[in-house]
Trainee: 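This is the structure I want to talk about, given as C-alpha cells.
Since the structure is predicted, the reported quantities are computational estimates derived from the model, not experimental observations. Quick note on labels: first sequence line is chain A, next is B, and so on, each numbered from 1.
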Amino acid sequence: MIASTNDKNCVVKPVALNKLQLCLAVIAVLITAFAGLVFGPADLGMRAVIQELLNRLPLVDFDSGLSSRQQAILFEIRLPRVVLGLLVGSMLATAGGAYQGVFRNPLADPYLLGVAAGAGFGATLAIVSGIGDGLGFLDPVPLAAFAGALIAVALTYTVGSGRGRLDQVTSLVLAGVAVASFFTAVQTFVQQRESETIRQVYFFVLGQLRTAGWDEVTLLAPYTLICITVIFLARRHLDVLTVGDEEAGSLGLNVRRMRLVIVVAASLGTAASVAVSGLIGFVGVIVPHAIRLIFGSSYRVIIPLTIFFGGAFLVIADLVARLILQPAEIPIGVVTAFLGAPFFVVVLRTAWKN
Amino acid sequence: MKAIDCKNVSVTLGGYEVLKGIDLEVEVGGWTTIVGPNGAGKSTLIRATGGIIKSSGNIKIIDKNVQDLKHRELAKFVAVVSQKPIIPMGMRVMDYVLLGRISHLGFFESEGERDVETVVLSLESLDASHLSDRFVGTLSGGEKQRVVVARALAQSSPVLLLDEPTTALDMGHQQETLELINQLRVERNLTVLATMHDLTLAGRYSEHLAMLVGGKIVAEGSAEEVLTESLVSSHYGARVKVIDDKDGPIVVPLPS
C-alpha cells in the first residue's frame, strides 16, 4: 500500500478534497439555488417549481398549474438571476482565494490590484457621459466597467513588477494601492461634477444582481468558466507558493509566470463579474477564509469548495436583498457585509476554540 | 566527473559585490563544506549555485549550465535547503514534503502513487515517518530540520545544497542530522555542498573544505589543511587552539 504509516499504524494520505466535502458543497448550491427560485414577491409554490423544473427533462410532463406569466417569472427572471448569482459568487470568492494565495496576504480580495476602482471609474464615465442613452440594445456601463477594471490591473502589474529592492508581492500590493487611490480620486471628481447621476453611480458601487436576464448570464459564463478552471488547475501551485517565492522557485516553480497566470485569471473573471453586477464586496474575503478555517489551509481543498460555497453564499445574500424590504430591494453588497461579517466572526471564534 | 563546477562566479547584490570570482568544484558523490565568518558570502554562493539568484561567470551542475535551465529542469538536478525555510503553519508534514515533487509534474498533472511513495521513502530515510500527520508548524527544531531535508530528498535530485543545516539544533540533533545526510549521500551517491558555522563538525563530515572570506576563497583542501590556527584566527578574528585528533582537527575557542 502506498501511504506512510506512523506509530499507531494509521495511514497518512496527501490532503485532497474528500467526497463528503464535495457532497456538502453540491448540496449547499442545490438548496440555495432552489430557495432562490421558490421565494420572491410572487408566490409560485415549492411543488409547482419542482414540477416545472422536472418538465424541462425529456419524457417528463407534469401539470404544475403555473400560468404562463408565472412560468416566465420562474424561467426568465428568477432562474437567470440565480445562475448569475452562482457565477458571480463563485468567481469573486475563487478570485479572492487565489489572490490570498498568490500574495500570501489574508486581507487580499479580488479588488486588491485596482479592479474595483478601475471598474468604478469606467462605469462612472459611461453613466455621466450618457453615451448609452437611447442605444437600448447595448449597455455601455458594463463594457466601460470591464475596460476600466482591466486597465487598472494592467497598470498595477506594469508598475509593480519591476525588479528592484522590494519583492514582487509587496511591490504589486503597493502598486495596487496607488493605482486604486488614483482611479478612485478621478472617479470621485467626475462623479461630484455631475451630481444628478450620483444615484446611478451609487447603485453600481453597492452592487446588484437586479437587472439579470439570460443576456448577462451568457455574457459572463465563458469568462467565469475559463477563469475558474485556470485557478482550479493552479490550486496545487498555490500550495507551493506558501513557502515563499525563493523556495517555491528552487522547488521548480516559475513563480513569476505562475503568479501572472493566476492574477490574470482572477482579475479577468473579477472584471467580467463587476461589469455585470457592480461592486459586490466581502464575498472574496469571507468565503475562502471561512472555508480555510473549517476545512484546513490547503488550496487543493479551499479552491474547489470556494467555487461552490461562493456561489451559494451570493444566492442567499441576493435572496435576503430581495425579500427583506419587499417589494423594494436593498443593494446586495449591503447584505453580503451584513450577513458575512457576523458569520465570519462565529467561524473565527470557533476556530480559536479548536 | 564533476557534479558542481563553478568558474569565476561573481554576484552583485544591491550594488555590492558579494562574491568575487569563485572557482569551486565538487566531484560526484563528494561532500564539500564552505566555512567562513559572517558576511563572507556563504549563503550567496549556495543560492547562486542553486540558481536562485543571478550570477556572472559559469555554474554547471552535472554538466548543465544553471543559467540555461528552466526552474523545473533545474529542480530535478539540484535541491536547496535554505537557512531559514518558511514553514507554512497549517500544512501537514506529508503535504509539505510532497511539495518537493512539483518539478516532476506538469501543470495539469497531480501527484500519483510514485510521488507519494517517494515522499514516504524520504521521510523514512530521515527517520521521520512518524511525523507524517503532524502540522509542520508544531514540530521541534530538530524535527523541522529533518522534514525540510526530507522535502529536498523528495526532489530526487543528485545534488543537495544545504545552507547551515544544523544552526538551530543542539549537539545531539546536529550529529543525528549530519549522520543521516551522510548516510544518504553514500547510499544514493548524492553530492553535497553545505555551509556550516561549527568548524569541528564541518571537518568531521565533509571530505573537502573551502574557506570563504570577503567573497573570495582563501583556502581549500582537507580539514587539516583549512582548519589551522593561523587561518582561523586571522580570518575569523578569533583566538583558537586547533587540536589534532585522529578523526580530524578540533577547533577550540580560547578565553583571553
Side-chain angles (χ1 to χ4, degrees), chain A residues 1-17 101 104 106 163-167 229-230 232-258 261-262 292-302 304 351 354, chain B residues 14 47 50-53 70-76 78-82 85-105 107-117 119-121 123-124 128-135 148 151-152 154-155 157 161:
Chain A
M1 175 157 223
I2 308 292
S4 90
T5 54
N6 69 10
D7 289 347
K8 286 169 270 170
N9 229 13
C10 61
V11 177
V12 178
K13 288 188 174 150
V15 67
L17 187 70
R104 290 190 288 277
R163 286 165 199 272
R165 266 178 296 177
L166 288 175
D167 66 288
T229 306
V230 171
F232 176 75
L233 289 172
R235 65 200 186 286
R236 212 160 41 81
H237 303 91
L238 285 168
D239 273 345
V240 182
L241 283 172
T242 54
V243 297
D245 284 13
E246 189 165 311
E247 281 183 69
S250 81
L251 286 170
L253 187 70
N254 187 334
V255 174
R256 278 177 175 264
R257 200 173 63 191
M258 187 51 66
V261 167
I262 296 172
R292 189 188 319 264
L293 290 169
I294 298 169
F295 297 103
S297 65
S298 169
Y299 285 96
R300 290 151 198 254
V301 177
I302 294 176
N354 294 335
Chain B
R47 291 165 77 211
I52 295 170
I53 49 172
K70 290 182 175 155
H71 287 80
R72 258 183 77 192
E73 291 309 308
L74 184 59
K76 285 182 196 165
V78 54
V80 186
V81 172
S82 66
I86 294 174
I87 300 295
M89 298 306 280
M91 198 181 275
R92 291 178 321 151
V93 169
M94 181 69 195
D95 304 308
Y96 181 76
V97 178
L98 203 56
L99 296 181
R101 299 299 297 169
I102 190 105
S103 57
H104 297 265
L105 303 168
F107 183 72
F108 295 103
E109 277 181 281
S110 51
E111 297 87 350
E113 290 195 356
R114 224 186 96 221
D115 302 297
V116 178
E117 197 172 6
V119 167
V120 170
L121 290 176
L123 282 166
E124 235 168 57
S129 301
H130 61 289
L131 304 174
S132 308
D133 204 21
R134 296 263 306 272
F135 286 103
V148 175
R151 190 187 76 186
Q155 278 180 247
S157 42
L161 305 180

Trainee: Is a side-chain N or O of A:R236 found less than 3.5 angstrom from the main chain of B:E109, in a donor-acceptor match?
Mentor: yes
Trainee: Write down the atom of A:S250, the atom of B:A75, and the distance for their closest heavy-atom approach.
Mentor: O-CB, 3.6 Å
Trainee: Holding to salt bridge (Lys or Arg N to Asp or Glu O under 4.0 Å), I want the full list of residues that pass it with A:R292, two or more places apart in sequence or in another chain.
Mentor: none
Trainee: With a 4.5 angstrom heavy-atom cut-off, which part of A:A234 approaches chain B: side chain, backbone, both or neither?
Mentor: both
Trainee: At what distance, to the nearest 0.5 angstrom, does CD1 of B:I102 lie from CE of A:M258?
Mentor: 7.5 Å
Trainee: Heavy-atom distances under 4.5 Å only: say whether B:L74 touches chain A with side chain, backbone, both or neither.
Mentor: neither
Trainee: For a 4.5 angstrom cut-off between non-hydrogen side-chain atoms, does B:L99 reach A:V243?
Mentor: yes
Trainee: Between B:R47 and A:E246, is the closest basic N to carboxylate O distance under 4.0 Å?
Mentor: yes
Trainee: How long is the straight-line distance from CD1 of B:I86 back to CG of A:D245, given to the nearest 0.5 Å?
Mentor: 8.0 Å
Trainee: For chain A, which candidate among B:V93, B:L105, B:I87 shows the most heavy-atom pairs at distances under 4.5 Å?
Mentor: B:L105
Trainee: Counting heavy-atom pairs under 4.5 Å to chain A, which of B:V97, B:L161, B:D95, B:V80 comes out on top?
Mentor: B:D95
Trainee: I need the A:S297 OG to B:F135 CZ distance, nearest 0.5 Å.
Mentor: 7.0 Å
Trainee: When you compare the side chain of B:P85 with that of A:E247, does any pair of heavy atoms fall below 4.5 Å?
Mentor: yes
Trainee: So, using side-chain contact (heavy atoms from CB on, under 4.5 Å) as the criterion, who are the partners of B:H71 when residues are at least two apart?
Mentor: A:N254
Trainee: Measuring from A:R300:CZ to B:L98:CG, what's the distance to the nearest 0.5 Å?
Mentor: 5.5 Å
Trainee: When you measure from the side chain of B:S132 to the backbone of A:V12, do you find a donor-acceptor pair of N or O atoms at a distance under 3.5 Å?
Mentor: no
Trainee: Can you tell me how far the OG1 atom of A:T242 sits from the OH atom of B:Y96, to the nearest 0.5 Å?
Mentor: 9.0 Å
Trainee: Return the minimal non-hydrogen interatomic distance between A:G252 and B:S103, and the atom names on each side.
Mentor: CA-CB, 4.4 Å
Trainee: Tell me, for B:R151 versus chain A, whether the close heavy atoms (under 4.5 Å) come from the side chain, the backbone, both or neither.
Mentor: side chain
